[in-house]
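Since the structure comes first, as structure tokens, the remarks are kept for the end.
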Amino acid sequence: MLHNSPLSHEFESGLSDTEEARAKESAGYLARRDLFARGMESERVEHKSRRTVVRESAERISLSKRIHENEEYHKRLNEDSLMHTPEFVIKPRSHTVWEKQCVRLHCTISGWPEPRVVWYKNNVSIDPMAKPGKYKVESSYSVHALEINKCDFDDTAQYRVSAMNSKGETSAFASVVVKRFKGEVDESLPSPRLPPCLEYGVKFETHIVEKFGVSFGLEGETLSFGCSVIIYPSLQRFQPEIEWYRDDKLLVPSKWVQMHWSGDRATLTLSHLNKEDEGLYTLRVITKSGFETHSAYVFVRDGDAEVAGAPGAPLDVHSLDANKDYVIISWKQPAVDGGSPILGYFVDRCEVGMTHWAQCNDTPVKFARFPVTGLVEGRSYVFRVRAVNKAGMSHPSRVSEPVDAMDPADRTRKGTSAPWTGQIIVTEEEPVEGVVPGRPCDLSVIEATKNYVVLSWKPPGDKGHEGVMYYVEKCVSGTDSWQRVNTEIPVKSPRFALFDLAEGKSYRFRVRCCNSAGVGEPSEPTEATTVGDKLDIPSAPGRVVPTRNTDTSVVVSWEASRDVKELVGYYIESSIAGSNTWEPCNNKPVKGGGILHGVCLESGGNGVELTQHSSCGVGRHAAPHSPADTPLTHIANVSERVEGGGQNTDHKGHPTALNEGKQGKSASQQEPEPACGQETAKQVANSCTELLEPNCSQKESATELPDSHGITVLECVRDAMVLAWKQPTFIGGADITGYFVDYREVIGGVPGKWHEANIKSVSERAYRVSELKENMLYQFQVRAANMAGVGIPSLPSETFKCEEWTIAVPGPPHDLQVQEVRKDSLVLLWKPPVYQGRDAVNGYYIDIKEADADFEMWRGVNEKATDKTFKKDLKEGESYVFRVRAQNKAGVGKASDPTEPVEAVTKPGTAEIVVNVDDDGVISLNFECSNLTADSKFVWSKNYMEMTEPERMTLETKGNKSKAIFKTPSEEDLGIYSCFVTHTDGASASYTLSEESDSLKRSTMHFHPPSPVIPLKTELAVELLEKGRVRFWLQAEKISANGKVEYVFNDNVVHQGEKYKMNFDKNTGTIEMFMESLGKEDEGTFTFQLQDGKATNQSSLVLIGDVFKQLQKESEFQKKEWIRKQGPHFVEYLGYEVTPECCVRLKCKVANMKKDSVALWYKDGREIKVNEKLDFSEGVLTLEIAQISKKDAGIYEVVLKDDRGKDTSTLNLTDQGFKDLMNQVFSVIANSSTPLKIQSTEEGIRLYTFVMYWKCLIVMFFTDRARVAGGLPDVVTIQEGKSLNLTCNIWGDPVPEVTWLKNEREMVSNDHYILKFESGKFASFTITSVSTSDSGKYSILVKNKYGTESGDFTVSVFIPDEEPGRVRTWC
């Protein structure tokens, strides 16, 4: 603070100036001292901190080094922590699945560094992104999996998983076998799910809400349905892909089908409904993250007929075959006949672009196919069909797709149709010169009615470069008079329909090929075909059985009709009990047989009837099921299930469907709902409001049915579980035909609704439930079914979690069965575990305890793992329970569910297997059962494996006795033989057949030595004799006079007759059979069976395939040769030789000539007159040609003939044959030539020689060598600064190469030296602005393959005088 007055400052401080100055100085000293002290201290602290940091850093480095060394040390001590090659902890297992099912291969792999895993199919790596939705590859915590969706036959292969890291590579293999149902393919198996994939960096979740349900429409109406779609997260510019399917076939927009997507709702509109529109409709919403689907069924009822009682309209009108002059139309019969049988059908046609319909047939046709003729070639037509009965005509069917009336070969080259017409423009191809085509092959009659016959064949293999056409010929059976059918224009396609054949007559047909080169040989004729309708009306389906009755649906199964050709499908009908009025449940035929279907019945209806139809017509009705067996008060919806079925040549069956009733039940009482994607189930129906009445209830079954229990899990993967259960204790008085499995989710301890897991019943007591959710809890229940229906469900199982098993030990065995119960022993059988674990199962442990004992009382029966199933040392009268555990290399797995209590007691009447040996030493096993029932059967097993059709035994059953007789006992027959009787209280017994058995000791037929055998010197052989006869023979070493022989061909005994001649020489043991020739029917196995007392033997010879064809060919050749040699014939066929005199001599050697035998020479079909008489004494015919020339080229032929026959030999001296002959002639000429001479002439180099024959001089000139023709001077003198241009002519063929040289060095063209070579003839040389440095020697060098030539010239440049009179010259 400043003060203006010193006085005031002094009074204020109270100090004088001197004192104040000393105080300030003292304060400054103290401040400086403190500051210095603090600085020293800070420096000391800073130095100390740096030393501490350096020391601590060094300690950390040292500690890290010690830790690292310690880790390395412990790594060397612990081998498991070392880097090692990959190793499979659990290898992938092989699978056998049905077509369109999903399969999952998974394995567990260890290794460090973490291995890279690649999956291969047949050694080709699998790229999941190449086929989205087909393959899915996952890897998580050393568990790797490959999922194959919707398997087909192409997926049958060997799959390899390869794991590789820096230490090495290892692989494991698994096979996948895809099987197809014997009947039709079930197309309703679950669709594949696309693998999760990111799009726009997010994963989309798709939800389908407000789903459409089952819809019912009427013909002619318009029907719309759809779903709302929620996609999360919602992106403004993202649009999913929407697809609609009908019966698994993708729909495309048309005048009948319209699709609409509003951004959040997908709608499908069906305009003018027709019965073809009936089927299962599926909406598929696709994103890159996967897809979601929803399905429901659409039913289309027939519209009201114009005339009461008229039938419904036919459906599915389409073209089976089309040609330029006919079209074969096919259709399906309607389900509604109007109350009276359909008399036939009328076919109408209309040209595309026109509106006029013309009727094609005057009288109704009963067959569901009709050939339409009278068409204009190149036009397009559409067709429709109407059905007629005694009441009147039906509505017309939906029109077919346009059909072009033209050959299929022209159809492939069809151009654009003219606007608004059916006119087709065909572009003709440029003809190509070809060869005469060969024979058509595989000619057959594929369809025959009274109106037409359709032929089909395959084109010939040798048809040349151009296309072929065909002529069709026919003849009446029994004659050989062939008539050409298409005389005017040949057909181009390998199919042809013949009309205007006489009904009732039999015809044969053959086909010839033709092209611009000519008409080929005819094909092999067909077998005789009788013209006429053969209506193969299907027989009635059998054993209609309803199952799974609910208050809204019933499932119907039936037996398929037998021996039905071209099966189209089945119509299901329903009737109210007592009304006898049958209504169709489906207007579109469904395929199947012995399978499950659903029907829709009126209220109170409880009768079901089945009809079946093929292309021939509708079959008979199946017997209606008894109302008491279909206990429904009301059926509102349709529930169809299809699997298998007969052959269908017209269409494919639609996916199976199951309805869901409108009125539901509580979670504990409701019927199971179908689960989308579970095996063959797809939800297709909800409710039918116009049929459903309130308070509908399900009656209890009139027959007591079995229940099921003991549900356990055998294997669990990410989305599937394999379940097993015990057989019901009560089966309801009839055999169990199958089981149905239901499942439900358990969320938070609260169970949900029951869903069906399988639509088709399963016969085994194990089933794989697929399409489950990972880490979800589930409960299961099982129902058993027999002929009376489906039983009540079992109690819900324990709650199981769906998560993949990765344990190394095996899963539990299952299906434990007890047989041969005695007072001190029994036989325990089981099936191996489904889940094998890391390695294969190598044995089992059997546990036992008393039935009423505590759980802790379980004890093991065997100390070492075994596969035996026999248990002894039981206490009589005690009840026991058993369980089994499986073992592999990793350890012992989980125990199976225990058996039911079994009392160790021998029941009264228990019998054992008795062994008998008759006088001939034949061993038989005999078993008798005293408590048989009507359904009981004897089941024989060897080593507890059932023998269905034993090859070494004969099984005989009479009454309550069964016998197993050994045919030819040997060591192969040793083992344990058991017999079990079904539908009894466990009647069973076994017998062990060993070499030490008493039966074998008492038998005269021992295993060593075997049965007496007739020794053979040679096995059965075949050889060809004269005339092409075939001899089969063998020779036995020794055979008595009582020896017998049976001659067998293809398991049929043949006897002496016109075809077979037999000879049996018992002295030498030679057995022979002769055949004059071999036909196609003689292909097979020939066997000679020998018997001499008890000694037997046989020898077989298989003649099939190429072996038989070769033998047959040689036999036919030998026969033809023998016939040829009976008359004059050639020993050596016609050939030629060139004599030393350069003449060509044609010659052949003949034999068996007579005086009246003649030999005629021909050239190109014209006889050659021979001047001198031919002499046959030497047996050689010759014809000499002197100085042969090109005019002598041709085909030479010699014909020998007399009254015994004739023989022909041909020599082709055209094209290559004539060239080969002239080469030999030139060779003789060249050998007679003089030494070659050379002469240089103005024309060129001349090579010449003289030849002895044809007196000529051969001269050859070489005039094409490279030459410089002229134009170059010797010396050129030119003034400096001028330009020099020289041109010369070049000659040579091929065009020579030109090179310019200066002072012997090659020159290059540039701005100063311009070198040109034009038109292959003119070479120019130009020097621009010559200087003295350009003086020198120049050359041109020309060269081709015939020689080289050069031309030289000198250039001299001079400088003009710098002074008058002085000249400077430079050379």
Exercise. Do Lys831 and Glu764 sit within salt-bridge range, that is, some charged N less than 4.0 Å from a carboxylate O?
Worked result: yes
Problem set entry | salt bridge (charged side-chain N to carboxylate O under 4.0 Å, His left out), paired with Arg718, selected from Glu804, Glu147, Glu771 | Glu147
Exercise. Can you check whether Ala964's main-chain N or O pairs, donor with acceptor, with Ser924's side chain at less than 3.5 Å?
Worked result: no
Problem set entry | Aromatic ring pairing Phe882/Tyr880, orientation class (parallel under 30°, perpendicular over 60°, tilted between) | tilted
For this session: Measure the shortest side-chain to side-chain distance between Trp754 and Pro796 over non-hydrogen atoms and say whether it is less than 4.5 angstrom.
Result: yes
Exercise. Have Glu138 and His144 got a donor and an acceptor in their side chains that come within less than 3.5 Å?
Worked result: no
For this session: Please find out if less than 6.0 Å separates the ring center of Phe927 from that of Trp940.
Result: no
Exercise. If only atom types and distance count, is the side chain of Tyr835 paired as donor or acceptor with the main-chain N or O of Ile807 below 3.5 Å?
Worked result: yes
For this session: Considering only NZ, NE, NH1 and NH2 on the basic side and carboxylate oxygens on the acidic side, decide whether Glu850 and Lys875 come within less than 4.0 Å.
Result: no
Exercise. Just how far is it from atom CD of Glu956 to atom CG of Asn926, taken to the nearest 0.5 Å?
Worked result: 9.5 Å
Problem set entry | Electrostatic pair Glu745:Lys773 at N-O distance under 4.0 angstrom | yes
Exercise. Is the count of non-hydrogen atoms from other residues, nucleotides or ligands lying under 6.0 Å from Lys894 atom NZ greater than 12?
Worked result: no
Exercise. Would Lys889 and Asp839 pass as an ion pair if we require N to O under 4.0 Å?
Worked result: no
Exercise. Which value, rounded to the nearest 0.5 Å, describes the distance between Ser978 atom OG and Phe980 atom CZ?
Worked result: 10.0 Å
Problem set entry | Check: Thr982 side chain, Lys937 main-chain N or O, donor-acceptor pair, under 3.5 Å | yes
Exercise. Are any side-chain N or O atoms of Tyr767 and backbone N or O atoms of Ser763, one a donor and one an acceptor, separated by less than 3.5 Å?
Worked result: no
Problem set entry | Presence of salt bridge, Arg859 and Asp847, under 4.0 angstrom | no
For this session: State the NZ-SG distance between Lys963 and Cys979, to the nearest 0.5 angstrom.
Result: 13.5 Å
For this session: State whether Lys823 and Glu903 are salt-bridged, where the test is any N-O pair (Lys NZ or Arg NE/NH1/NH2 against Asp/Glu carboxylate O) under 4.0 Å.
Result: no
Exercise. Where do Tyr739 and Trp725 land on the ring-ring contact (aromatic ring centres under 6.0 Å, His included) test, with the steps shown first?
Worked result: CA-CA 10 Å; Tyr739 297 90; Trp725 55 89; 5.5 Å; yes
Exercise. Are the charged groups of Lys726 and Glu900 less than 4.0 angstrom apart, N to O?
Worked result: yes
